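These numbers were taken from a predicted model, which means no experiment stands behind them.
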Amino acid sequence: MKRAGCLMFAALPVVVTATVYLLTPGETESQGAKGTPSASQQARQDDKAGRAAEDALIADLPPGLSAPKKKELAQQIVASAENSTLNWRDQYGYIEDIGDGQGYTAGIIGFCTGTHDLLVLVESYTKEHPDNGLARYMPALRKVDGTDSHEGLDPGFTAAWKREAEVAAFRKAQDAVRDRIYFEPAVRLAKLDGLGTLGQFIYYDAMVLHGPGTGPNGFYGLRERALSEADTPAQGGKEKAYLDIFLDIRRTAMKSKKAHRDTTRIDTAQRRFLYDGNFDLDAPLEWAVYGETFRVPD
């Protein structure tokens, strides 16, 4: 069974906290009052300093889901829900319209022609490899972005995608965009929230399914709702209690959309790991998605 839904991609990165700076009357963008840095310059400096502090904090933490073996496990668990398989590397050439209103769904993480991430992938790949077999579809991909249309893509785009998936550079590009848009931001924020490996995976899976959006059903919107009900471990809360609430909120969001109403990826997978107290996401693991049981040995 293929995935029931698709990614909703936000084109701009989202920061956890932000300060709004206003220019005072007569203050220019290049220089603040009395020769001090402008508000925008100060904001950038503060953001850089905050980022550096976060980087230092994360550097002192265990690798968690970023450890190679754990990252491989994460891709397997996601693939069980997205493609009903543990062999996620077989999915580079996958492409079909699953009728969810997001156009074509393709590749290892379900990039979609209607949700911007597939366009980002092909644009970045074409920049490095301008003569690739997908480059000629760039105008059509830009035109259908945000819609379910196939205009300009049929009949050749699906065959071109499958051919390109045989190219090592395109497989590497899929890995890179998956990591940049979904894996790395999710794991980073989970670590800053004080979550262990399981919590990092729960954030990653949510980022994949709901997309990195700030709306009510986007990942950042779901997290904000969870924060309004419970403290993260970094705020002094209990990890199990916080993750339980986060999963409740995710489940409600999934139930609100017809394409996502099967919530077994939460009910009989992530919730099972949580209630077993497997915060390090250690194998052996057994879980069920869509009624099919999956196992990963030691």
Sub-3.5 Å donor-acceptor pair from the side chain of [X] to the main-chain atoms of [Y], do we have one?
X: D276; Y: N278; answer: no
X: T126; Y: E123; answer: no
X: D280; Y: D282; answer: no
X: S80; Y: T85; answer: no
X: R171; Y: A165; answer: yes
X: E72; Y: K69; answer: no
X: E96; Y: A106; answer: no
X: Q102; Y: C112; answer: no
X: Q200; Y: L195; answer: yes
X: K191; Y: P63; answer: yes

So do F111 and V122 actually touch side chain to side chain, heavy atoms under 4.5 Å?
-> no
Answer whether the closest heavy-atom distance between the side chains of Y92 and K162 falls below 4.5 Å.
-> no
Are a donor atom and an acceptor atom from the side chains of [X] and [Y] found within less than 3.5 Å of each other?
X: Y104; Y: D154; result: yes
X: D145; Y: T113; result: no
X: W88; Y: E82; result: no
X: D205; Y: Q270; result: yes
X: Y204; Y: E184; result: no
X: Q174; Y: Y125; result: no

Roughly how far, to the nearest 0.5 Å, is the CZ atom of R223 from the CE atom of M207?
->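 With rounding to 0.5 Å, CE (M207) is 10.0 Å from CZ (R223).
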Where is the tightest heavy-atom contact between [X] and [Y], given as atom of each residue plus distance?
X: D117; Y: I181; result: CB-CD1, 4.5 Å
X: Y290; Y: A81; result: OH-O, 2.9 Å
X: R225; Y: P216; result: NH1-O, 2.9 Å
X: H210; Y: N217; result: CB-O, 3.3 Å

Please say whether the positively charged group of K240, taken as NZ for Lys or CZ for Arg, lies over the ring of F279, i.e. under 6.0 angstrom from the six-membered ring centre and within 45 degrees of the axis.
-> no
Salt-bridged, [X] to [Y], with N to O below 4.0 Å?
X: D55; Y: R188; answer: yes
X: K71; Y: D179; answer: yes
X: R89; Y: D175; answer: no

Between W161 and F170, does the ring centre distance come in under 6.0 Å?
->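 When the ring centroids of W161 and F170 are compared, they turn out to be within the sub-6.0 Å range.
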Between Y203 and F219, is the ring centre distance below 6.0 Å?
->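 Ring-ring flag for Y203/F219: true, centres closer than 6.0 Å.
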For D267 and R272, what are the C-alpha separation, side-chain angles and deciding distance, and is it a salt bridge (Lys or Arg N to Asp or Glu O under 4.0 Å)?
-> CA-CA 7 Å; D267 304 333; R272 179 172 181 173; over 6 Å; no
Can you establish whether the number of heavy atoms outside K255 located under 6.0 Å from its atom NZ is more than 12?
->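 Yes, NZ of K255 has more than 12 neighbouring heavy atoms, counting only those of other groups under 6.0 Å.
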